[in-house]
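Counting begins at 1 with the first residue of the sequence.
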Amino acid sequence: MPKNLRKKPIINFLILIVALEIIVISINFFYSPIEVAAGGSTGIAILLNAAFGINTATSVLVINVIMIILAFFFLERKVVQKITLGSFLLPLFMYLTPSFKLVDDSFLAVTIGGIIFAFGIAMLYRIDASSGGTTVPPLIIRKYFHINTAISLLVIDFIVTFFNIFTMGLNAFFLAVFSLIITSVVMRYIETGLDHKFQIQVMSLHKTKEIQEMALNVDHSLTVYDVRGGYSDNQKEILMLVVDNQSYGPLLRAIHAIDPEAFIITSNVVKVHGGRLGL
């Protein structure tokens, strides 16, 4: 999200509303109808509803109030304000949004539900907001321990998911675990982006200048490093290029056409900031 949009309260509020409704859709259309608790305060609410018949929206409201108190002591006041708003709006949307089974297959339901839920949570994290519940601890953990929110959310939600065994059985537990994995993977791709790049390091004994000229002629980003050989102790140059998926194959073929013996190392880059390929 562009920085200038983050500073606009109206934009942030609209994103918050959309994100919360996306989360509610995943719960009311996919998880609640098949009684699978895939973590979170909503998962706890589903467990309480299955075990004691307590209304899910009411349970989420109580849990979120407790989390607001926790956030008050550990998070910035501005973030707490956003958490407070989301914490009260989520159970309200759960109450207002109808709940019914959209698909009959449970496996398909948790797959779709996990993907939709991941989009909603990722949108909240982009504006440093939360729907409350167990999404609050990952924000605190990220602030003090710099651990990715997707990882900490997965651990916390797995603990909640474990209780599926005692309420709905092993089948619900495994479905919930699968859904958590889907959610974690999708969140990671949303956070890092889908347009990944390749970093290529090239070393040639005799054709370094020719490869460098080729890379510059096709307008690839290029950096030249002065290095020293570990065995020969000779001064050498390594070319470092960053390319997208479409350019990767043609670039390798062009390098091999110049020097079939060129030493090439390729690594994945999830994000590029600045420069021609930067975000």
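One hydrophobic cluster holds both L180 and L108 under the rule that ILVMFWY side chains link at heavy-atom gaps under 4.5 Å. Following chains of ILVMFWY side-chain contacts shorter than 4.5 Å, one cannot reach V155 starting from V186, and the two form parts of different hydrophobic clusters. When hydrophobic clusters are built by joining Ile, Leu, Val, Met, Phe, Trp and Tyr residues whose side-chain heavy atoms come closer than 4.5 Å, directly or via intermediates, L139 is grouped together with I69. Neither I121 nor I159 shares a network with the other; the hydrophobic side chains, linked directly or stepwise wherever heavy atoms of I, L, V, M, F, W or Y lie under 4.5 Å apart, form separate groups for each. No chain of hydrophobic side-chain contacts below 4.5 Å, direct or via other Ile, Leu, Val, Met, Phe, Trp or Tyr residues, connects I200 to L205.
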>> side-chain contact (heavy atoms from CB on, under 4.5 Å), that's the test. Do N164 and E35 meet it? Break it down for me.
In response: CA-CA 9 Å; N164 278 282; E35 294 189 326; over 6 Å; no
> Where do L20 and L124 land on the side-chain contact (heavy atoms from CB on, under 4.5 Å) test, with the steps shown first?
Replying inline: CA-CA 8 Å; L20 290 175; L124 292 179; 4.3 Å; yes
>> Test side-chain contact (heavy atoms from CB on, under 4.5 Å) on E210 and D259; report intermediate values, then the result.
In response: CA-CA 9 Å; E210 290 86 341; D259 183 3; over 6 Å; no
>> Assess the residue pair V24 and L96 against the criterion (side-chain contact (heavy atoms from CB on, under 4.5 Å)); give the C-alpha distance rounded to whole Å, side-chain angles, the decisive distance to 0.1 Å, and a yes or no.
In response: CA-CA 10 Å; V24 170; L96 296 176; over 6 Å; no
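In this structure a side-chain-to-backbone donor-acceptor pair under 3.5 Å is missing from S32 to N28. Not one N or O on the side chain of N49 forms a donor-acceptor pair closer than 3.5 Å with the backbone of A45. In this structure, the side chain of Y248 does not engage the main chain of T266 through any donor-acceptor pair within 3.5 Å.
A heavy-atom distance below 4.5 Å is not found between the side chains of L16 and N12. Within the 4.5 Å cutoff, no side-chain heavy atoms of I238 are placed close to those of I265. Put simply, the side chain of L241 does not reach to within 4.5 Å of the side chain of Q199, judged on heavy atoms. Between I46 and V36 there is no side-chain heavy-atom pair separated by less than 4.5 Å. Taking 4.5 Å as the limit, every side-chain heavy atom of S99 sits out of range of all side-chain heavy atoms of M94. The shortest side-chain heavy-atom distance between M187 and F119 does not fall under the 4.5 Å cut-off. Side-chain contact between F117 and I23: present, with at least one pair of heavy atoms (C-beta onward) separated by less than 4.5 Å. In this structure the side chain of I165 reaches within 4.5 angstrom of the side chain of L170, judged on heavy atoms.
The residues E76 and K143 are annotated as salt-bridged, a charged nitrogen and a carboxylate oxygen being separated by less than 4.0 angstrom.
Of all non-hydrogen atoms in S247 and P250, the two that sit nearest each other are O-CD, 3.5 Å. Residues I156 and P138 share a closest heavy-atom pair of CD1-CD, 4.0 Å. Across all their heavy atoms, S59 and L48 have their closest contact at OG-CD1, 3.7 Å. P91 and N64 get closest at one heavy-atom pair: CD-ND2, 4.0 Å. Contact between L175 and S106 at its shortest, heavy atoms only, is CD1-CB, 3.7 Å. The minimum heavy-atom distance linking Y31 with T183 is given by the pair OH-OG1, 4.5 Å.
Around CZ of F178, the count of heavy atoms belonging to other residues, nucleotides or ligands within 6.0 Å exceeds 12. Annotation: F198, atom CZ; neighbour count of heavy atoms from other residues, nucleotides and ligands within 6.0 Å is above 12. Counting non-hydrogen atoms of neighbouring residues, nucleotides and ligands closer than 6.0 angstrom, the CZ atom of F145 reaches no more than 12 such neighbours.
Separating the OG1 atom in T208 from the CD1 atom in I258 is a distance of 10.5 Å, to the nearest 0.5 Å.
The aromatic rings of F166 and F163 are tilted relative to each other, their planes meeting at an angle between 30° and 60°. Ring geometry for F173 versus F158: interplanar angle over 60°, hence perpendicular rather than tilted (30 to 60°).
Of the residues L85, L61, I27, V60, the one that meets the side chain to side chain contact (heavy atoms under 4.5 Å, CB included) test with L90 is V60.
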